[in-house]
Amino acid sequence: MNESQENLEAADELPKAKVKRSRWRFPVVWVVPAIAVIVAGYLVYGRLEQLGPKITIRFKDGKGLKMGQTPIKYRGVQIGEVTAVELSPDQQAVVVRARLQRSAASIAKEGAVFWIVRPEVGIGNITGLDTVITGPEVDVLPGTGKAQSEFVGLENAPVALEERGLKIILITPRLGSLRPGSPVYYRGVEVGTIQQCDLSPNAATVAIQVLIKQRYARLVRTGSKFWNVSGVDVSVSLFRGLEVNMESLRSLAAGGIAFATPADPTGQQVKDGMSFLYNKAAKEWLEWAPNIPLRAVKQSPQKDIKRKPVRPSARQIETTKRPEPQRIED
């Protein structure tokens, strides 16, 4: 018993090991993957924040359009991207699916116009040169109606579709060298452009839709005369020799129309949709130079001052009843 008690006492005197609970530590090797996951999540969240509505555009030809590479632009700024290009079920068109940015969601409305911009070299103008390297792009003009997701694209860029102005129609038996985009001149200054050329309903004449810029719309009156200035007018006489008349180099290459307005006080400013007969220029027309202000004279706004009604006095009433004698001066 004594030995066992001594052994127990000796065991109690032995030092005891101190056990410390270790705290959980994040391995250093996982720091870089964790940062990568956080950054990726932030980028994905930012991408989802920018996503706007999905739209579908039908074109007759989708040459050059690529999924994830072809941008959709408005005023030169990218507002979306093409996400898929496929044939329509009837194989008569190309269906382009795209996604707009959230900030440009208001553009996808009824009346919006889409078209493909490709490099084009024509007579008198060169367009789309910046797409030679980057490839074609889809441009858009926003609509003003209700929200819409399906659109039909144009084959060519619209001519001055967004610009405001006076829209008139010229009737001519033959179109000649005129085409959409040809200029319209007044005294040698370009004041408008041709928007569209098409046959009349009975196919007997050609209807030319012209847009006169808003600033120069007041120049077109009911007595205005229009004529073709395409090409060169060459005349030879015995006394004057050779005379060559040409409106401009652009009209020589792409055609053009000029008009003149007489100094007729009864001539009224025309409204949209009015048609004019397309004639040959007369010599007297070239001498017309009416004084027509391009801007209307602004009248100072008169404020409506509300005054309390003033009751006339009894003396004023008596004087008004008695007529004053009229003086007749020689």
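Residue indices begin at 1 and follow the sequence shown.
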> When you measure from the side chain of Arg118 to the backbone N and O of Lys63, does any donor-acceptor pair fall under 3.5 Å?
Replying inline: yes

>> Do Lys109 and Lys146 have side chains that approach each other closer than 4.5 Å (heavy atoms only, starting at C-beta)?
In response: no

>> Restricting to non-hydrogen atoms, name the atom on Val85 and the atom on Val82 that form the minimum distance, rounded to 0.1 Å.
In response: CG2-CG1, 3.7 Å

>> Are the side chains of Pro180 and Cys197 in contact, using a 4.5 Å heavy-atom criterion?
In response: yes

> Which atom names give the shortest non-hydrogen contact between Ser149 and Lys54, and what distance separates them?
Replying inline: CB-O, 3.8 Å

>> Using only atom types and a distance under 3.5 Å, with no angle test, would you say the side chain of Arg99 pairs donor to acceptor with the backbone of Gly52?
In response: yes

>> How close do Gly223 and Pro262 get, counting heavy atoms only, and between which atoms?
In response: O-CD, 3.3 Å

> If you measure from CD on Gln101 to CD1 on Ile107, what distance do you get to the nearest 0.5 Å?
Replying inline: 9.5 Å

>> Could you see if Val152 belongs to whatever hydrophobic cluster contains Ile55? Use Ile, Leu, Val, Met, Phe, Trp, Tyr and a side-chain cutoff under 4.5 Å.
In response: no

>> Among Trp227, Tyr186, Tyr185, exactly one meets ring pair (Phe, Tyr, Trp, His ring centres under 6.0 Å) together with Phe259. Which residue is that?
In response: Tyr186

> Closest heavy-atom contact between Pro136 and Pro71?
Replying inline: O-CD, 4.2 Å

> side chain to side chain contact (heavy atoms under 4.5 Å, CB included) with Val39: which residues, sequence neighbours excluded?
Replying inline: Ile35, Leu43

> For Phe114, what residues pass the ring-ring contact (aromatic ring centres under 6.0 Å, His included) criterion, not counting sequence neighbours?
Replying inline: Phe151

> Going from CG on Asp139 to CZ on Arg75, what distance comes out if it is rounded to the nearest 0.5 angstrom?
Replying inline: 11.5 Å

>> Let me check something: do Val191 and Ile292 share a hydrophobic cluster, defined by ILVMFWY side-chain heavy atoms less than 4.5 Å apart, either directly or through other members?
In response: yes

> If you take all heavy atoms of Ile79 and Ala104, which pair is closest and at what distance?
Replying inline: CB-CB, 3.6 Å

> Glu110: what forms a salt bridge (charged side-chain N to carboxylate O under 4.0 Å, His left out) with it, not counting sequence neighbours?
Replying inline: none

>> With a sphere of 6.0 Å drawn around CG of Asn202, does it hold more than 12 non-hydrogen atoms of other residues, nucleotides or ligands?
In response: yes

>> The criterion is side chain to side chain contact (heavy atoms under 4.5 Å, CB included); which residues satisfy it with Val206, sequence neighbours excluded?
In response: Thr172, Leu175, Leu199, Ile208

>> Please enumerate all residues that pass salt bridge (charged side-chain N to carboxylate O under 4.0 Å, His left out) together with Arg215, with sequence neighbours excluded.
In response: none

>> Count I, L, V, M, F, W, Y as connected when their side-chain heavy atoms are under 4.5 Å apart, and connections chain through other members. Are Val184 and Ile169 then in the same cluster?
In response: no

> With sequence neighbours left out, what residues match Met67 under side chain to side chain contact (heavy atoms under 4.5 Å, CB included)?
Replying inline: none

> Any donor-acceptor pair under 3.5 Å linking the side chain of Arg218 with the backbone of Pro293?
Replying inline: yes

> Is there a chain of hydrophobic side chains (I, L, V, M, F, W, Y, each step under 4.5 Å between heavy atoms) that links Leu154 to Val96?
Replying inline: yes

> Sequence neighbours excluded, which residues qualify as side-chain hydrogen bond (donor to acceptor under 3.5 Å, both in side chains) partners of Asp198?
Replying inline: none

> Which pairs count as side chain to side chain donor-acceptor pair (under 3.5 Å) when at least one residue sits in residues 82-92, sequence neighbours excluded?
Replying inline: Glu86-Arg97, Ser88-Asp90

> Does Ser200 use its side chain to pair, donor to acceptor, with the backbone of Thr205 at less than 3.5 Å?
Replying inline: yes

>> Under the ring pair (Phe, Tyr, Trp, His ring centres under 6.0 Å) definition, can you give me all pairs with a residue in residues 189-225, not counting sequence neighbours?
In response: none

>> Apply the hydrophobic cluster definition, ILVMFWY joined by side-chain contacts under 4.5 Å directly or through others, and give me every member besides Val77.
In response: none

>> Going by ring-ring contact (aromatic ring centres under 6.0 Å, His included), name the residues that satisfy it together with Phe59, two or more places apart in sequence or in a different chain.
In response: none

> Are Leu65 and Val95 joined in one hydrophobic group, where the rule is that I, L, V, M, F, W and Y side chains link up if heavy atoms are under 4.5 Å apart?
Replying inline: no

> Can you name the closest pair of heavy atoms from Glu137 and Lys73 and give their distance?
Replying inline: OE1-NZ, 3.4 Å

>> Which residues pass the side chain to side chain contact (heavy atoms under 4.5 Å, CB included) test with Val270, not counting sequence neighbours?
In response: Leu166, Ile168, Val220, Thr222, Met274, Phe276

